[in-house]
Amino acid sequence: MKVGVIGTGYVGLVVGACLAETGNDVICADIVENKIARLNRGEVPIYEPGLEPLIERNVTAERLSFTTDVRHTVRASDILFIAVGTPPGEDGSADLQHVLAVARSIGEAMQGEKIVITKSTVPVGTAELVRKEILAHTDCMVHVCSNPEFLKEGAAVDDFMKPDRVVLGVDSEFAAETLRELYAPFVRSGAQILTMDVPAAEITKYAANAMLATRISFMNAIAQLCEKAGASVDAVRRGIGTDGRIGSSFLFPGIGYGGSCFPKDVKALVRTMREVGADASILEAVEAVNERQKRLLLEGLTTRLGEDLSGRTIAVWGLAFKPNTDDMREAPSLVTIEGLLERGARVVAHDPVAMDEARGHFGDRIEYVASDYAAIEGADALVIHTEWLPYRRPDFERVKKGLKAPIIFDGRNLYDPERMAVLGFEYHSVGRRPVGEAS
Ligand SMILES: NC(=O)c1ccc[n+]([C@@H]2O[C@H](COP(=O)([O-])OP(=O)(O)OC[C@H]3O[C@@H](n4cnc5c(N)ncnc54)[C@H](O)[C@@H]3O)[C@@H](O)[C@H]2O)c1
């Protein structure tokens, strides 16, 4: 099939490469010239495991190409995915300007029948706006469908290749058949293709992310109770996660959800629900808990070391909002580090892949070091934001020797508190009583 993907970011690039891998001819278009130039030089602008060889293989096989020419992409493709960003507007609603700009470009360029699919996460009713925008510029037949994307950054290629399910919101049997055929290679091991009406597909994406965010905030609220009551949150997590009705995923307490999706999608869903008069209070609470959680490390540090942190050095392990990605959008590390800088601290940070990204946020206001152990040399405390694998089993003797005082604030509960106490650390984690406190 001839496929065009408009918007070559995290989602567009992965979708384009994976669809090329199954034999389709795919053109990925973007308006950012530098991004397309880099891709055409064989550079992959994002860190995503497995993506680089996939792109290389399909470019070499001439099934995948990159361009800034959206008009050509529209004309050369039968199926067009819109995969541009939908950032939060000032009021929290999804900003649809990029989606509608692409719809206009499609309408202006198309010369024959097309299937247009919103891959971007968009509020219910957007497909109809896209249809209107396209039809304002053409008389050609257009099918507008919704095919929300559930991939996770850090495992995006795997998620797309082996989805739990594919959700297709369709407006015609022709579109349904074509998209089922397009996705058939990805569901051979039994995953379902769920065909539904377009508004249901649009809502499904937000409902999925809001449910996952709710589980995280729920567990963080329970973690607060555990900490105050002196109970082990790990035991409680296992106690509920083994209930078949609940399941164990997304129940780890921590310093809150971040990234490019959960925060903006929960906000946008709250906005949509308010607009239509639905009760959004459950999601408002989810957001409030998350905001509090993101400040946890900073509050812990200032409670321990004082509000004035001038003359203090804080080592930071982990900048990305989660492991296996360099994405720092809405990362809890941004909140901690800005707070530390405001209070005069010197911050020395390490992350296996997100340090370039961090430079965009902090410039030279913080120091970046190439190894995790270099970060802790002479620091007054170590703060952990991201559960990267190498941070899970460090050489604790080396960590202790490097730090001025053996104080760790762990936002991801990587270590066993009892063991940390035995090792001589003062260890603060989430939903568990601190151990080894100095006073
Ligand atoms: N990142 C994720 O993990 C993820 C997962 C599922 C769904 N989504 C959704 O997918 C959409 C895209 O997310 P992303 O993370 O890939 O965003 P991104 O910001 O990484 O990429 C968007 C791309 O669209 C390009 N673009 C903007 N306007 C354009 C135009 N008029 N024509 C051509 N290109 C244009 C931008 O230059 C950018 O490269 C969002 O709606 C997001 O919510 C993201």
Side-chain angles (χ1 to χ4, degrees), residues 4-18 27-39 44-49 51 66-74 77 80-89 93-109 116-123 126-127 130 133 146-160 163-164 166-167 201-202 204-210 212-213 257-269 320-322 324-331 357 360:
V5 180
I6 306 177
T8 308
Y10 273 91
V11 169
L13 194 52
V14 172
V15 170
C18 292
I27 307 175
C28 287
D30 204 285
I31 45 172
V32 176
E33 288 183 10
N34 180 41
K35 185 176 276 194
I36 294 301
R38 286 182 67 188
L39 284 161
V44 178
I46 53 167
Y47 175 80
E48 192 56 52
L51 184 58
F66 302 101
T67 182
T68 52
D69 190 344
V70 174
R71 171 181 285 256
H72 164 71
T73 306
V74 172
S77 311
L80 289 159
F81 283 94
I82 303 178
V84 296
T86 46
S93 62
D95 181 348
L96 294 177
Q97 61 165 315
H98 304 299
V99 171
L100 295 177
V102 174
R104 185 164 58 250
S105 306
I106 293 173
E108 284 168 354
V116 174
I117 301 146
T118 50
K119 194 55 144 164
S120 304
T121 302
V122 288
T126 302
V130 167
E133 188 64 41
S146 164
N147 168 219
E149 183 50 56
F150 298 99
L151 62 76
K152 300 182 290 294
E153 286 178 18
V157 172
D158 245 25
D159 285 348
F160 192 88
D164 289 339
V166 174
V167 170
E202 291 173 328
T204 297
K205 173 64 191 176
Y206 281 103
N209 275 359
L212 296 173
Y257 58 78
S260 66
C261 292
F262 286 9
K264 86 169 169 57
D265 291 350
V266 173
K267 267 194 184 58
L269 184 56
F321 84 94
K322 67 173 184 181
N324 297 323
T325 180
D326 60 353
D327 200 336
M328 284 187 62
R329 288 178 277 188
E330 303 271 350
E357 193 61 31

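The residues of the chain are indexed from 1 along the displayed sequence. Note that ligands are numbered from 1 as they come in the structure, with each ligand's atoms numbered from 1 the same way.
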> Side chains of Glu330 and Ser260: do they bring a donor and an acceptor to under 3.5 Å?
Replying inline: no
> In chain order, what residues pass the salt bridge (Lys or Arg N to Asp or Glu O under 4.0 Å) check against Asp95, with sequence neighbours excluded?
Replying inline: none
>> Counting only heavy atoms and a distance below 4.0 Å, can you name the residues contacting ligand 1?
In response: Ile6, Gly7, Thr8, Gly9, Tyr10, Val11, Asp30, Ile31, Val32, Lys35, Ala83, Val84, Gly85, Thr86, His98, Val102, Ser120, Thr121, Glu149, Leu151, Glu153, Lys205, Ser260, Cys261, Lys264, Arg329
> Which residues pass the salt bridge (Lys or Arg N to Asp or Glu O under 4.0 Å) test with Asp327, sequence neighbours left out?
Replying inline: Arg329
>> Restricting to ring pair (Phe, Tyr, Trp, His ring centres under 6.0 Å), what partner residues turn up for Phe262, sequence neighbours left out?
In response: Tyr257
> Given Ile6, which of Ile82, Val99, Leu80, Asp30 fulfils the side chain to side chain contact (heavy atoms under 4.5 Å, CB included) condition?
Replying inline: Leu80
>> Do Leu96 and Pro123 have side chains that approach each other closer than 4.5 Å (heavy atoms only, starting at C-beta)?
In response: yes
